[in-house]
Amino acid sequence: MRREQFARQDCDAIDLAVAWPTSTQIAPVPIPELERIGEMQKFRATPAAPDVPAAVGGMIAASYAGLIVALAVATVGSAESIFVIVIAGLLVITFFTVPRIFFAVERDSGVRTSLDGFLRNGMDTFTGHNSGKAALVQMLIVPVLLTLAVLAMGIIIATVG
């Protein structure tokens with residue numbers, strides 16, 4: 001009954017497809033064209049941190065390693081504390097291994113800037129340009145202050161206990 005009503009009305013094929021999809025022919029799904037190699041190279045990943053030298057990464061890794069050492073010195077004494085320190089050390093190792101792998105597989109971006117060049121020129125961030133010293137302080141402030149806090153707690157524990 002409905003099909004006959006639609007047939008009596010002078011409807012477009014689009015209207016029929018909406019109301020009764022089996023009554024119209026369905027176009028085949030288009031096959032996407034293969035991309036050319038030249039077009040694919042336009043969409044390659046950009047370098048992760050082209051304006052940050054490897055020495056800064058080393059400083060950050062050393063500050064976190066210092067944090068783990070300070071934690072070990074301040075709290076070692078039982079099997080539970082050794083277990084926690086080993087787990088924390090493994091997390092820090094993972095924390096720096098993953099970016100190292102990412103840097104190893106990224107496209108060659110040329111020569112990275114030196115530490116002196118970084119301190120002179122600074123770096124561009126989402127919020128604007130930072131001087132090199134300010135950027136370095138922002139990268140190192142958390143692990144360095146955490147290390148100092150753990151050392152202070154260790155000194156307090158040693159003097160009180």
Side-chain angles (χ1 to χ4, degrees), residues 17-18 21-22 26-161:
V18 171
T22 57
I26 298 174
V29 177
I31 299 172
E33 295 181 19
L34 299 176
E35 295 178 351
R36 296 183 186 136
I37 293 175
E39 292 175 0
M40 287 175 41
Q41 289 183 0
K42 287 191 278 187
F43 298 108
R44 287 194 140 181
T46 58
D51 51 353
V52 179
V56 172
M59 287 182 203
I60 295 170
S63 63
Y64 276 102
L67 174 62
I68 297 300
V69 168
L71 188 64
V73 168
T75 63
V76 75
S78 67
E80 291 88 7
S81 66
I82 293 171
F83 177 73
V84 170
I85 291 168
V86 168
I87 296 297
L90 291 174
L91 286 174
V92 168
I93 289 170
T94 304
F95 183 70
F96 289 105
T97 302
V98 171
R100 178 67 184 118
I101 292 170
F102 286 170
F103 283 129
V105 298
E106 83 177 2
R107 177 174 59 139
D108 185 27
S109 62
V111 178
R112 288 195 183 275
T113 184
S114 66
L115 184 60
D116 293 333
F118 173 74
L119 292 174
R120 264 194 321 273
N121 300 329
M123 66 182 289
D124 290 323
T125 63
F126 182 70
T127 57
H129 186 77
N130 279 343
S131 69
K133 292 178 184 176
L136 191 60
V137 166
Q138 288 179 8
M139 290 180 215
L140 292 175
I141 194 163
V142 171
V144 168
L145 289 180
L146 280 174
T147 304
L148 293 175
V150 167
L151 288 174
M153 286 186 274
I155 291 170
I156 291 170
I157 290 170
T159 57
V160 172

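A quick note: this is a predicted structure, and the numbers were derived from the prediction, not measured.
Qualifying side-chain hydrogen bond (donor to acceptor under 3.5 Å, both in side chains) partners for Ser114, counting only residues two or more places apart in sequence or in other chains: none. Considering only residues two or more places apart in sequence or on other chains, Thr127 meets the side-chain hydrogen bond (donor to acceptor under 3.5 Å, both in side chains) condition with Thr125. Scored by the side-chain contact (heavy atoms from CB on, under 4.5 Å) test, Leu119 finds Leu115, Lys133, Leu136 as partners (sequence neighbours excluded). Residues satisfying the side-chain contact (heavy atoms from CB on, under 4.5 Å) test with Thr94, not counting sequence neighbours, are Val98.
Between atom OG1 of residue Thr147 and atom CD1 of residue Ile68 there is a gap of 8.5 Å, rounded to the nearest 0.5 Å. If you take CG on Leu145 and CG on Leu140, they are separated by 10.0 Å, rounding to the nearest 0.5 Å. With rounding to the nearest 0.5 angstrom, the CD1 atom of Ile87 is 11.5 Å from the CD1 atom of Ile85. To the nearest 0.5 angstrom, Gln138 atom CD is 9.0 Å from Met123 atom CE.
A 6.0 Å sphere centred on CD1 of Ile141 holds no more than 12 heavy atoms belonging to other residues, nucleotides or ligands.
When all heavy atoms of Asp124 and Asp51 are compared, the closest pair comes out as N-OD2, 3.5 Å. Nearest heavy atoms, Ile82 versus Val76: CG1-CG2, 3.7 Å. Residue Gly154 comes nearest to Ala74 through the heavy atom pair CA-CB, 3.6 Å, listed as atom of the first residue, atom of the second, then distance.
Sorted by first and then second residue, the ring pair (Phe, Tyr, Trp, His ring centres under 6.0 Å) pairs involving residues 116-148 (not counting sequence neighbours) form an empty list. Within the structure, the ring pair (Phe, Tyr, Trp, His ring centres under 6.0 Å) test picks out the following pairs touching residues 55-87 (sequence neighbours left out): Tyr64-Phe95, Tyr64-Phe96.
The main-chain N or O of Thr75 is found under 3.5 Å from a side-chain atom of Ser81 such that the two form a donor-acceptor pair.
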